[in-house]
There are 2 protein chains.
Amino acid sequence: MQKETRKEEILRVAARLFKNKGYSAVTMRDLATEMGIKAASLYNHISSKQAILQDIVLAIAEDFTAGMHKIIEDDSNSIQKLEQIIDLHVKIAIENTDGLAALNSDWMHLESKLDYYLKLRQDYENNYRSIIESGIENKEIKAVKPDVLMFSMLSTLRSLYLWIPKKGNVNPEELSASLAQILIKGINT
Amino acid sequence: MQKETRKEEILRVAARLFKNKGYSAVTMRDLATEMGIKAASLYNHISSKQAILQDIVLAIAEDFTAGMHKIIEDDSNSIQKLEQIIDLHVKIAIENTDGLAALNSDWMHLESKLDYYLKLRQDYENNYRSIIESGIENKEIKAVKPDVLMFSMLSTLRSLYLWIPKKGNVNPEELSASLAQILIKGINT
DNA sequence: ACATAAAACTAACAACTGTTAGTTAACGAT
DNA sequence: ATCGTTAACTAACAGTTGTTAGTTTTATGT
């Protein structure tokens with residue numbers, strides 16, 4: 001683990017502020033104060049407020065894309081792939097809780113990078129749905145509506161960043177296992 | 001159904017704008033333009049931008065509180081109560097999609113009403129968890145972690161406002177049934 | 001010790017923010 | 001017709017916004 005650059009530090013602090021107040025409500029002076037410098041000094045490291053958001057959000061979006069591609073190419077069954085998706089979300093949510101908050105709440109302010117983000121997201125959901133659909137074909141998954149199942153799982157996984165901070169010292173394996181139990185195996189007696 | 005007052009119209013349009021850009025990014029001039037008037041004219045109907053958000057969010061929060069109380073007092077078993085909670089969320093999400101977006105994304109900007117909102121929310125979650133816990137005691141629900149189950153269900157239900165607009169003409173009964181199937185009965189073969 | 005680069009500073013900008021004051025038009029009831 | 005109410009308007013305010021220009025301090029490598 002090599003030392004954090006000043007720019008990375010700005011991105012990390014910005015993500016935390018964005019999480020608490022949202023992108024639009026955080027001013028460059030807020031961010032500068034939190035960094036212990038003046039607002040103008042930020043521009044030695046970053047090119048604009050926009051660019052901060054883009055750096056934060058797109059890095060995570062690309063993480064998800066890469067993770068999904070690995071899962072798709074893997075030769076495991078549908079249930080195992082859904083479990084791997086859970087692992088992916090848990091891992092990213094623990095590693096980058098604040099950035100994930102920005103991705104979930106502030107993606108609409110991406111402006112010039114908005115189309116790119118939406119494409120990544122669309123592709124991700126298409127891949128997700130494909131896994132579910134082929135699982136239903138193979139009788140590995142109950143014959144539910146693929147869209148509703150995807151919506152339900154993704155809602156939970158995308159909200160992880162909201163719950164992880166409330167716990168503190170979350171064990172990834174344990175959380176993944178609990179989620180798999182509930183999301184995949186159902187709760188009825 | 002009686003005619004909408006000018007103030008209600010403002011709240012409705014504001015909720016739609018808040019949903020698209022977030023509370024902080026919507027200016028009073030944006031809202032006025034959308035209403036076809038000048039920004040200053042808004043103040044004949046509302047007292048401040050803050051008050052608009054508070055009216056929108058607290059009305060819904062109180063709807064949830066009232067719905068939860070009815071469910072708690074009902075003498076049905078835990079599974080039935082969870083189904084009723086699903087119905088409640090589906091109903092409110094369909095009736096007031098835009099307001100629900102504001103509640104979910106902009107509650108942190110409630111300022112003077114923030115504490116009240118957080119209390120309603122805390123009470124709601126406590127009641128929710130109680131239903132799950134007594135369901136587990138009665139063996140009506142599998143012995144999962146109550147918090148993780150509540151988190152999972154609530155994440156899905158709280159995200160409904162994001163998915164409903166993508167469908168269009170959603171049938172509440174049908175959606176409730178699909179959600180109950182997936183959230184309560186599990187997906188494994 | 002000195003040159004170079006990195007990173008901070010002060011000062012200022014034009015645009016935009018929520019909001020107020022004072023005024024005028026529209027309209028139903030008397 | 002005139003009154004009173006409702007709801008629109010114009011003009012302006014004081015404060016905040018992201019960002020730039022120009023300058024000075026701090027750290028690094030030789």
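Letters go in sequence order (proteins before strands), and every chain restarts at 1.
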Sequence neighbours excluded, the answer for side-chain contact (heavy atoms from CB on, under 4.5 Å) partners of B:Ala51 is B:Ser47, B:Ser48
- [ ] Before accepting this row, confirm whether a basic side-chain N of the pair B:Lys119/B:Asp123 lies closer than 4.0 Å to the acidic partner's carboxylate O.
- [x] yes
To the nearest angstrom, the CG-P distance between B:Asp30 and C:dT19 comes to 14 Å
Distance-only check: which donor-acceptor pairs under 3.5 Å involve side-chain atoms of residues 92-103 of chain A, not counting sequence neighbours?
residue	atom	partner	partner atom	Å
A:Asn96	OD1	A:Gly99	N	3.2
A:Thr97	OG1	A:Ala93	O	2.7

Whole-Å distance, A:Leu31 CG to D:dT16 P, equals 18 Å
From OH of B:Tyr43 across to P of C:dG18 the rounded distance in Å is 7 Å
The salt bridge (charged side-chain N to carboxylate O under 4.0 Å, His left out) partners of A:Asp106 (sequence neighbours excluded) come to none
Taken to the nearest whole Å, CE/A:Met28 to C1'/C:dC13 is 16 Å
For B:Lys167, the salt bridge (charged side-chain N to carboxylate O under 4.0 Å, His left out) test, sequence neighbours excluded, returns A:Asp147
Those residues at least two apart in sequence (or on a different chain) that pass side chain to side chain donor-acceptor pair (under 3.5 Å) with A:Gln122 are A:Asn126
Give me, pair by pair, the N or O atoms of the protein and of nucleotides 6-10 of chain C that are less than 3.5 Å apart, along with how far apart they are.
residue	atom	partner	partner atom	Å
C:dA8	OP1	A:Arg6	NE	2.8
C:dA8	OP1	A:Arg6	NH2	2.8
C:dA8	OP2	A:His45	NE2	2.6
C:dA8	N7	A:Asn44	ND2	2.4
C:dC9	OP2	A:Lys38	N	2.5
C:dC9	OP2	A:Ser41	OG	3.0

Residues pairing under side chain to side chain donor-acceptor pair (under 3.5 Å) where one sits in residues 32-43 of chain B, two or more places apart or in two chains, turn out to be B:Arg16-B:Glu34
Ordered by number, residues from residues 101-114 of chain B within less than 4.0 Å of DNA chain D (heavy atoms) are none
note: A:Arg29, atom CZ; C:dA11, atom P; distance rounded to Å ~ 14 Å
Check: residues 58-70 of chain B side-chain donor-acceptor pairs under 3.5 Å, at least two apart:
residue	atom	partner	partner atom	Å
B:Glu62	OE2	B:Tyr116	OH	2.6
B:Thr65	OG1	B:Ala61	O	3.0

